[in-house]
Amino acid sequence: MAVTDINDDNFVAETNSGVTITDFWATWCGPCRMQSPVVETVSEKMDNVKFTKMDVDENPATAQEFGIMAIPTLLVKKDGEVVERLTGFTPAHQLEAILAKHVG
């Protein structure tokens, strides 16, 4: 499954049902450039999770609403409620294990 770019306007609609993960990132962020391929790889393995990403520079309202002070931050939601928050680089095996706890 591909990773969908989302924004302040559609964040709630895109992440309010099922298990979703949003990768908060910015183009200038080195660790974000390391995290992005990991998120892409995990998205190909987990069809039961919706993978999204949001550029914090272009969409500051959502980042502010969730108190995102450092990037990359991965926000995992289940049926619209935040269930996990990961700040800094998260390796694939750890990300898969965390997401597996919330599906099914």
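Here the structure is a predicted model, which means the values were calculated and not measured.
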Q: Taking salt bridge (charged side-chain N to carboxylate O under 4.0 Å, His left out) as the definition, give me every residue that meets it alongside E58, ordered by chain and number, with sequence neighbours left out.
A: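 For E58, no residue satisfies salt bridge (charged side-chain N to carboxylate O under 4.0 Å, His left out) once neighbours in sequence are set aside.
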
Q: Taking V49 as the starting point, is it possible to reach L86 by hopping between hydrophobic residues whose side chains are less than 4.5 Å apart?
A: yes

Q: Under 4.5 Å between any side-chain heavy atoms of V76 and V82, yes or no?
A: no

Q: If you apply the rule salt bridge (Lys or Arg N to Asp or Glu O under 4.0 Å), what do you find for K101 with E84, and how did you get there?
A: CA-CA 10 Å; K101 289 190 314 187; E84 300 276 351; 2.9 Å; yes

Q: Does the N7 side chain pair with the main chain of N10, one donor and one acceptor, at a distance under 3.5 Å?
A: yes

Q: Would a hydrophobic clustering, with Ile, Leu, Val, Met, Phe, Trp and Tyr connected at side-chain separations under 4.5 Å, put V3 with I98?
A: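 V3 and I98: one cluster.
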
Q: If hydrophobic clusters are built from ILVMFWY residues whose side chains come within less than 4.5 Å, do V83 and M54 share one?
A: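 Shared cluster, no.
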
Q: Any side-chain heavy atom of L74 within less than 4.5 Å of one from F89?
A: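 No. Closest side-chain heavy atoms not under 4.5 Å.
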
Q: Can you tell me how far CG of L75 sits from NZ of K77, rounded to the nearest 0.5 angstrom?
A: 7.0 Å

Q: With heavy-atom distances below 4.5 Å as the criterion, would you say the side chains of N16 and D79 are in contact?
A: no

Q: Please output the side-chain donor-acceptor pairs of residues 17-31 that fall under 3.5 Å, not counting sequence neighbours, one pair per line with the distance.
A:
| from | atom 1 | to | atom 2 | distance (Å) |
| --- | --- | --- | --- | --- |
| T22 | OG1 | T52 | OG1 | 2.7 |
| W28 | NE1 | D57 | OD2 | 2.6 |

Q: Kindly give the heavy-atom pair with the smallest separation between A70 and T87, and that separation in Å.
A: CB-CG2, 3.8 Å

Q: For I6 and T15, what are the C-alpha separation, side-chain angles and deciding distance, and is it a side-chain contact (heavy atoms from CB on, under 4.5 Å)?
A: CA-CA 10 Å; I6 61 174; T15 64; 4.2 Å; yes

Q: Tell me the side-chain hydrogen bond (donor to acceptor under 3.5 Å, both in side chains) pairs involving residues 89-99, sequence neighbours left out?
A: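 Non-adjacent pairs meeting side-chain hydrogen bond (donor to acceptor under 3.5 Å, both in side chains): K45-E96.
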
Q: Would F51 and T4 count as a side-chain contact (heavy atoms from CB on, under 4.5 Å) if you check the C-alpha gap in whole Å, the side-chain angles of each, and the deciding distance to 0.1 Å?
A: CA-CA 6 Å; F51 290 79; T4 305; over 6 Å; no

Q: Are any non-hydrogen side-chain atoms of P60 and D8 less than 4.5 angstrom apart?
A: yes

Q: Walk me through it: do R85 and T73 pass the test side-chain contact (heavy atoms from CB on, under 4.5 Å)?
A: CA-CA 7 Å; R85 179 189 191 103; T73 291; 4.2 Å; yes

